[in-house]
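To keep things clear, I will list the structure first and then write my remarks on it.
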2 protein chains.
Amino acid sequence: MVQKSRKPPSAAKIEAPVAPKRRGRPRAYEPDVALGKALDLFRRDGFAATSLDDLSAATGMNRPSLYGAFGDKRELYIKSYQRYRDDARAAMVDIFRADAPLRERLERIYRIALDIYLSGESGPRGCFTVMTAASEAVSDPGIRSMVVEGLTELDKAFGICFRDAKERGELPEGADPAALAHLASATIHTIAIRARARVPRRELEAIVKGAVDVLCAAK
Amino acid sequence: MVQKSRKPPSAAKIEAPVAPKRRGRPRAYEPDVALGKALDLFRRDGFAATSLDDLSAATGMNRPSLYGAFGDKRELYIKSYQRYRDDARAAMVDIFRADAPLRERLERIYRIALDIYLSGESGPRGCFTVMTAASEAVSDPGIRSMVVEGLTELDKAFGICFRDAKERGELPEGADPAALAHLASATIHTIAIRARARVPRRELEAIVKGAVDVLCAAK
DNA sequence: ACTTTTTTGTACCATTTCGCATTTAATTCC
DNA sequence: GGAATTAAATGCGAAATGGTACAAAAAAGT
């Protein structure tokens with residue numbers, strides 16, 4: 001379970017806690033949980049293999065409601081992807097920012113990543129960014145740019161990590177933080193892919209351990 | 001162009017060069033080129049988003065002929081994947097076996113990989129193993145086992161590479177060939193994914209260079 | 001010439017797919 | 001209680017999909 005609660009934690013605006021007194025017939029669904037269900041489906045089967053009927057069944061919303069709430073299938077996919085990114089970022093940002101040794105930060109990031117990639121009632125689901133890159137990204141410019149953004153965001157987060165590890169003397173003078181960051185991202189990608197091939201967690205953890213050893217001792 | 005000629009280079013059996021004198025109406029297509037076209041389509045759009053009509057149009061075979069020659073859509077996908085693997089292996093095996101310094105072997109492997117991943121008339125196509133892992137692998141056990149095989153084959157090839165580099169003293173005593181091999185595979189995977197996001201070749205080459213530097217200097 | 005064999009080409013079928021138009025239901029405002 | 005508003009539910013429809021039946025065609029064997 002990666003999804004965090006949807007309550008906006010902003011301190012301003014204390015009002016509208018539960019009853020904004022809307023005008024017409026009330027919704028029979030909660031948009032956030034419905035979007036979560038849609039994301040689950042898309043993560044398992046991908047865009048093309050997920051039908052609106054599947055989505056309708058999973059969310060409990062009938063097709064017109066789905067359409068009204070999220071737009072067409074592509075828009076729903078995009079919103080699902082944004083949700084995925086938000087959740088993943090929320091799960092990792094604290095660790096990336098933590099004032100902890102490099103090795104510990106890497107280990108924690110990869111543990112969270114494995115949790116995300118291996119979760120799912122009907123099998124591991126991998127990384128949605130990687131899945132989307134592998135499918136829609138070539139042909140859909142809008143989706144592609146989101147994917148690039150996702151890839152870049154991860155590179156940057158790792159980049160900062162290695163850069164300040166180097167500043168703190170945890171890495172040798174000659175170490176190249178950008179290159180190490182790309183290798184750290186690559187490790188994320190490889191475990192995401194292997195997770196979908198149902199490689200067991202123990203093996204993925206071994207790959208991660210080997211990578212962390214190399215990355216912490218590099219050059 | 002990765003496809004090699006389909007002539008079986010076995011020295012035995014010199015006969016059957018062009019006319020085996022078949023019995024009925026002759027085929028209007030060459031199975032190998034048709035399979036190549038099917039592979040092109042599957043690589044671009046994936047299994048679910050490629051229709052039999054698309055395949056029929058691309059191969060020039062009508063659906064019943066397609067069906068007769070390759071079986072149903074899934075079987076065609078599997079045969080396409082095998083073809084992809086055969087081609088990729090053929091393009092790399094000599095380099096993996098070459099008696100050359102580690103760095104040179106890695107550089108050559110990655111150059112070939114980029115050629116494969118970036119080729120395609122309608123955009124880069126990435127790695128078919130990665131694409132298949134990202135889509136069909138979770139739900140189809142048969143396809144999944146082929147994917148695992150593909151991933152493992154690459155790990156092993158890199159493993160041998162690093163192991164004998166270590167034996168030759170190109171790597172320090174403490175180096176862990178298996179871990180380095182996984183990182184080398186991870187680099188393959190990350191460039192495959194980024195290629196599909198249309199990251200330009202120069203950037204991918206920079207990522208590769210950084211990775212090779214780390215891998216050749218590790219521990 | 002005619003049979004046999006293999007492949008092609010046309011046409012069809014049942015299902016699924018996405019999307020929407022229309023009707024019905026539940027709620028607030030007056 | 002009635003009008004207005006918002007959403008759910010039903011169901012239609014046109015297109016696409018995977019797959020196949022069946023007839024016509026092109027070759028070899030006799």
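Within every chain, numbering begins at 1; the chains are lettered A, B, ... in the order of the sequence lines, protein sequences first and strands thereafter.
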Along DNA chain C (nearest heavy atom to each residue), the more 5'-positioned of B:Pro64 and B:Gly24
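So the residue in question is B:Gly24.
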Looking only at the side chain of B:Asn62 (C-beta and beyond, no hydrogens), which of the listed nucleotides C:dG9, C:dT6, C:dA26 gets closest?
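Looking only at heavy atoms from C-beta outward on B:Asn62, the closest nucleotide is C:dG9.
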Using the side-chain heavy atoms of A:Arg23, tell me which of these nucleotides is nearest: C:dC29, C:dT4, C:dT7.
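Nucleotide nearest to A:Arg23's side chain: C:dC29.
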For A:Ala49 and A:Asp54, work out which heavy atoms get closest and say how close.
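Answer, listing the atom of A:Ala49 first, then A:Asp54: O-OD2, 4.0 Å.
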What are the two closest non-hydrogen atoms of A:Arg196 and B:Arg144, and how far apart are they?
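So the minimum-distance heavy-atom pair works out to O-CD, 4.4 Å.
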Identify whether the distance between the nearest side-chain nitrogen and carboxylate oxygen of A:Arg201 and A:Asp115 falls below 4.0 Å.
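So A:Arg201 pairs with A:Asp115 through a salt bridge.
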Salt bridge flag under 4.0 Å for residues A:Arg85 and A:Glu153
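Answer for the salt bridge query: yes.
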By the definition ring pair (Phe, Tyr, Trp, His ring centres under 6.0 Å), identify the one residue from A:Phe70, A:Tyr84, A:Phe47 that meets it with A:Tyr77.
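By the ring pair (Phe, Tyr, Trp, His ring centres under 6.0 Å) criterion, A:Tyr77 pairs with just one of A:Phe70, A:Tyr84, A:Phe47: A:Phe47.
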A:Lys209: which residues meet the salt bridge (Lys or Arg N to Asp or Glu O under 4.0 Å) condition with it, sequence neighbours left out?
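A:Lys209 satisfies salt bridge (Lys or Arg N to Asp or Glu O under 4.0 Å) with A:Asp213 only.
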OP1 or OP2 of C:dT7 versus the side-chain N and O atoms of B:Arg27: is any pair under 4.0 Å?
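For B:Arg27, the contact criterion (side-chain N or O under 4.0 Å from OP1 or OP2 of C:dT7) is met.
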Short side-chain N/O contact from B:Tyr67 to OP1 or OP2 of D:dG18, under 4.0 Å:
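Looking at the OP1 and OP2 atoms of D:dG18, neither is under 4.0 Å from any side-chain N or O of B:Tyr67.
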Sort me out a list of protein N/O and nucleotides 14-18 of chain C N/O pairs below 3.5 Å, or just none if empty.
{"unit_1": "C:dC18", "atom_1": "OP1", "unit_2": "A:Lys73", "atom_2": "NZ", "d": "2.8"}
{"unit_1": "C:dC18", "atom_1": "OP2", "unit_2": "A:Leu52", "atom_2": "N", "d": "2.6"}
{"unit_1": "C:dC18", "atom_1": "N4", "unit_2": "A:Arg63", "atom_2": "NH2", "d": "3.4"}

